[in-house]
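Below: one structure, written as structure tokens.
First listed ligand is number 1; within each ligand, the first listed atom is number 1.
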Amino acid sequence: MRYFIDSADLSKVEYVLERFPCDGVTTNPAILARETDDPAKALREIRDLIGDTRTLFAQVTASDYDGMIREAEILKSNLGPAFSVKIPATAEGLRAMTKLAKEGYSVTATAIYSVQQVLLCAKAGADYVAPYVTHIDNLCVDSAEIVGNMAKLLAYHAPRTQVLAASFRVPEQVNRAILAGAGAVTIRPEMFDMLIESTGTDTEIEGFEKTWKEKFGKNGISDFFK
Ligand code: G3P
């Protein structure tokens with residue numbers, strides 16, 4: 001299971017990274033436009049922050065084959081080694097994915113809505129396919145069912161390609177995508193705390209503290225080992 005942080009905001013990425021076991025950072029043109037004035041600087045800073053082994057994802061902004069290839073080369077030479085180039089699931093995108101995958105790039109097919117997009121992108125060599133869960137739900141279609149179909153078909157036809165579910169608003173969407181078979185998810189920084197927090201856990205901790213203090217007062221457990 002892989003968890004990625006969907007953000008280009010350095011301080012938010014840092015907050016999550018220090019606490020949560022994450023595998024990297026995903027960005028897209030909208031995230032970069034919203035969160036920075038200098039995309040190259042922001043992406044380089046994220047690379048420095050996450051180190052060489054966690055994966056950094058950045059998306060091409062061109063929509064034609066030649067432009068996608070040129071941008072992929074520039075992104076990889078500036079942001080490698082653990083870098084995945086995001087290419088939208090279009091006909092031009094498929095052509096670019098095929099070439100880039102053959103050249104050894106990690107490729108993420110993105111902005112995905114349908115099972116056929118998944119199968120075609122997987123066949124073109126994509127390592128990840130990224131369905132946009134909330135955007136699919138907004139069409140009054142059950143995204144978990146679609147993600148489940150995607151995962152099932154990939155496991156059968158293209159097991160090296162993983163579903164990287166994206167665009168979540170509530171934790172239940174994350175649960176449902178993972179239960180349906182997504183092997184990776186990318187989540188806004190603000191949502192990570194929501195995934196770990198539980199009022200039940202808080203109540204348990206209060207109970208431990210109360211019972212401990214009643215007997216041992218201010219001493220912590222380490223005080224007994226002095
Ligand atoms: O990674 C996909 C994501 O950034 C787009 O979805 O809906 O959160 O903007 P959304």
Discussion item. Regarding atom 2 (C) of ligand 1: of the candidates F57, F4, Y132, which has the closest heavy atom?
Written reply: Y132
Discussion item. Is it the case that the side chain of E71 and the backbone of A62 share a donor-acceptor pair, with hydrogens and angles ignored and the cut-off at 3.5 Å?
Written reply: yes
Item to complete: Please identify which atoms of ligand 1 are closer than 4.0 Å to at least one heavy atom of I31.
Response: 4 (O)
Discussion item. With nothing but distance in play, are any N or O atoms of R188 less than 3.5 Å from an N or O of ligand 1?
Written reply: yes
Worksheet item: Under 4.0 Å from any heavy atom of N28, which atoms of ligand 1 are there?
Response: 2 (C), 3 (C), 4 (O), 5 (C)
Practice prompt. Please write down residue, atom name and distance for the protein heavy atom closest to atom 6 (O) of ligand 1.
Written response: S167 CB, 3.2 Å
Worksheet item: Is there a donor-acceptor pair under 3.5 Å between the side chain of D127 and the backbone N or O of V107?
Response: yes
Practice prompt. Kindly say whether the aromatic ring centers of F4 and F57 come within a distance under 6.0 Å.
Written response: yes
Practice prompt. Heavy-atom contacts with R169 under 4.0 Å: which atoms of ligand 1 show up? List them by number with element.
Written response: 7 (O), 8 (O), 10 (P)
Practice prompt. Salt-bridge test for K99 and E103: reply yes if a basic N is under 4.0 Å from a carboxylate O, no otherwise.
Written response: yes
Discussion item. Regarding N28 and T26, do their side chains bring together a donor and an acceptor under 3.5 Å, going by distance alone?
Written reply: no
Fill in: Sub-4.0 Å heavy-atom approach of T26 to ligand 1
no
Worksheet item: Strictly under 4.0 Å, does any heavy atom of D6 approach an atom of ligand 1?
Response: yes
Worksheet item: Near H135, which atoms of ligand 1 are under 4.0 Å from a heavy atom of that residue?
Response: 6 (O), 7 (O), 10 (P)
Worksheet item: Hey, is D142 close enough to R176 for a salt bridge, meaning N to O under 4.0 Å?
Response: yes
Discussion item. Using modelled atom types and a 3.5 Å cut-off, is there a donor and acceptor pairing between side-chain atoms of D48 and backbone atoms of E45?
Written reply: no
Discussion item. Taking 4.0 angstrom as the limit and counting only heavy atoms of A166, give me the atoms of ligand 1 inside it, by number and element.
Written reply: 1 (O), 2 (C)
